[in-house]
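Below is one structure, written out as structure tokens; comments come after it.
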Protein chains: 2
Amino acid sequence: MSTVTDSAAQPPAKLARMRSEDRRESILAAATEVFGDYGYVGATTAQVARAAGVSQPYVVRMFGTKEKLFLEVLLRALGLLLTSFRATLAEESDEPLSRRLGLAYVDLLQDRGLLLSLMHGFVLGSDPAIGETARCGFLEVYTFLREEAGYSADESQAFLASGMLVNTMIGIRMSDEYDSNPVAAELLTAAFPERLELALGSGAVDASTAPQK
Amino acid sequence: MSTVTDSAAQPPAKLARMRSEDRRESILAAATEVFGDYGYVGATTAQVARAAGVSQPYVVRMFGTKEKLFLEVLLRALGLLLTSFRATLAEESDEPLSRRLGLAYVDLLQDRGLLLSLMHGFVLGSDPAIGETARCGFLEVYTFLREEAGYSADESQAFLASGMLVNTMIGIRMSDEYDSNPVAAELLTAAFPERLELALGSGAVDASTAPQK
DNA sequence: GTCTATATGCGGATAGAC
DNA sequence: GTCTATCCGCATATAGAC
């Protein structure tokens with residue numbers, strides 16, 4: 001009964017080779033989650049590697065340094081954010097723009113870690129490279145609101161402020177308290193004008209990476 | 001001429017002994033700045049020690065672990081925040097409450113790192129102890145707004161959102177761009193309804209701790 | 001109360017095989 | 001393209017003197 005499957009005779013199941021571009025994207029996606037959960041300094045390249053299903057040195061090899069990897073994560077996140085906003089702006093709808101952009105923003109929470117990684121970047125202004133990228137990206141979003149979406153300075157402020165509160169609620173994992181704490185539930189409802197369920201879905205850390213560290 | 005001052009015969013100038021309470025407070029203040037600049041994971045106990053003018057092991061000895069130190073920093077910051085808010089609420093004034101609370105909030109920026117340390121805590125919900133403290137503290141502020149300040153849920157949301165944007169502008173060091181970038185200047189003006197100068201003052205890292213790391 | 005010296009573990013990065 | 005093995009530095013924490 002030990003030779004049931006001949007497939008067991010294959011060489012040690014190594015990872016299938018992948019086109020560099022695809023592998024790159026899958027590592028970036030994994031890194032986005034990990035950085036979102038633990039922050040730039042707190043996350044390890046080993047965690048990223050595990051989440052991406054590759055070896056730790058390979059992650060470093062592909063991006064040069066952990067910092068460069070994080071910068072790529074930030075740029076990718078900003079790109080996805082602006083792409084989503086521009087698509088929202090282009091589509092025709094009866095809903096007011098502010099509501100549509102708000103929904104688009106909250107929809108980004110489906111890509112776990114995306115807004116959180118950005119938030120971690122925003123708070124690391126003291127790091128030269130990360131700070132520069134973060135400031136630049138934030139200003140790009142502000143410029144989008146002012147020039148493309150046609151918002152006033154005050155409208156932009158209010159929109160960005162709501163966004164930062166959303167990020168904070170996610171980062172602080174306030175959704176953990178939703179069921180047990182009525183105050184938390186009220187706060188969450190106020191923070192997520194619509195699509196509250198999206199906030200509640202992204203509570204815990206993915207089981208595949210969480211316990212190992 | 002070698003015995004001009006007998007005081008030179010003293011033992012190697014060690015640090016003056018201090019009452020435990022005072023030393024504790026001075027370390028907490030130093031830690032608040034360092035954690036604000038580099039985050040919980042990024043900051044080292046050696047940096048805190050240097051900023052406080054004591055040895056690294058002493059910092060650990062006094063607080064047990066780095067994590068416990070950070071938790072104390074968070075609790076201290078939350079305490080100062082609520083104390084400031086309650087004082088604002090108690091004072092009589094013709095100004096609308098929302099403006100006065102907003103000013104009180106921005107005034108906290110004078111205690112460098114205070115709001116920033118909080119922000120770092122808010123974004124680390126994945127850490128059990130830190131997350132718990134952060135959620136609890138955030139809810140305490142929300143409860144203050146709702147019950148003591150008499151805000152509605154929506155008013156509270158708007159206030160907290162503005163606060164999170166302020167925190168982000170400080171963390172990202174947007175003020176560095178104020179002079180050279182008109183867009184950044186406009187954004188900052190919108191983010192700080194009043195007391196913009198307080199935001200601009202807290203740009204760089206203290207010279208005594210920055211370069212060493 | 002405060003320090004110096006140090007053990008220990010962990011994480012980023014490199015070398016080199018396949 | 002991807003891995004294994006490993007080096008090295010750094011940061012927390014401990015031991016113990018003063």
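Chain naming here is simple, since letters A, B, ... match the order of the sequence lines and numbering starts at 1 in each. If you're wondering where the values come from, they're calculated on a predicted model, not measured in any experiment.
Between the side chain of Q56(A) and the base of dA13(C) there is at least one donor-acceptor pair of N/O atoms closer than 3.5 Å. With hydrogens and angles ignored, a donor-acceptor pair under 3.5 angstrom links the side chain of R61(A) to the base of dG16(C).
Nearest heavy-atom pair, S126(B) versus D37(A), reported as atom, atom and distance to 0.1 Å: OG-O, 2.7 Å.
The CE atom of M62(B) sits 10 Å away from the P atom of dC3(C) (whole-angstrom rounding). Rounded to whole Å, atom P of dG1(C) lies 16 Å from atom CD of E25(B). Here dG1(D) presents its C1' atom at 11 Å from CD1 of I27(A), a figure rounded to the nearest Å. The CZ-C1' distance, from R24(B) to dG1(C), rounds to 14 Å in whole Å. Rounded to whole Å, the distance from CZ on R50(A) to C1' on dG12(C) is 14 Å. The CZ-P distance, from R19(B) to dT2(C), rounds to 12 Å in whole Å.
A salt bridge (Lys or Arg N to Asp or Glu O under 4.0 Å) check over residues 58-71 of chain A, counting only residues at least two apart or in different chains, returns nothing. Sorted by first then second residue, the salt bridge (Lys or Arg N to Asp or Glu O under 4.0 Å) pairs that include residues 115-125 of chain A, not counting sequence neighbours, number zero. Listed by first and then second residue, the ring pair (Phe, Tyr, Trp, His ring centres under 6.0 Å) pairs involving residues 46-86 of chain B are F35(B)-F70(B), Y40(B)-F70(B), F85(B)-F144(B), F85(B)-F159(B) (not counting sequence neighbours).
Scanning for salt bridge (charged side-chain N to carboxylate O under 4.0 Å, His left out) contacts around E147(A) gives an empty result, with sequence neighbours left out. In this structure, D179(B) has no salt bridge (charged side-chain N to carboxylate O under 4.0 Å, His left out) partners at least two apart in sequence or on a different chain.
Mapping P57(A) and E21(B) onto DNA chain C by nearest heavy atom places E21(B) at the nucleotide closer to the 5' end.
For dT2(C), the OP1/OP2 oxygens have a side-chain nitrogen or oxygen of R23(B) closer than 4.0 Å. T45(A) has a side-chain polar atom (N or O) that falls below the 4.0 Å cut-off from OP1 or OP2 of dG12(C). S20(B) has a side-chain polar atom (N or O) that falls below the 4.0 Å cut-off from OP1 or OP2 of dG1(C).
Between D22(B) and R19(B) there is a salt bridge, since a side-chain N of the basic residue sits under 4.0 Å from a carboxylate O of the acidic one.
Sorted by residue number, the members of residues 63-77 of chain A with any non-hydrogen atom under 4.0 Å from DNA chain C read T65(A), K66(A).
Counting non-hydrogen atoms under 4.0 angstrom, M18(A) reaches the backbone sugars and phosphates but no base.
Residue R17(A) has its side chain nearest to dT2(D) when only dA5(D), dT4(C), dT2(D) are considered. The Y58(A) side chain lies nearest to dT2(D) when the options are dC3(C), dT12(D), dT2(D).
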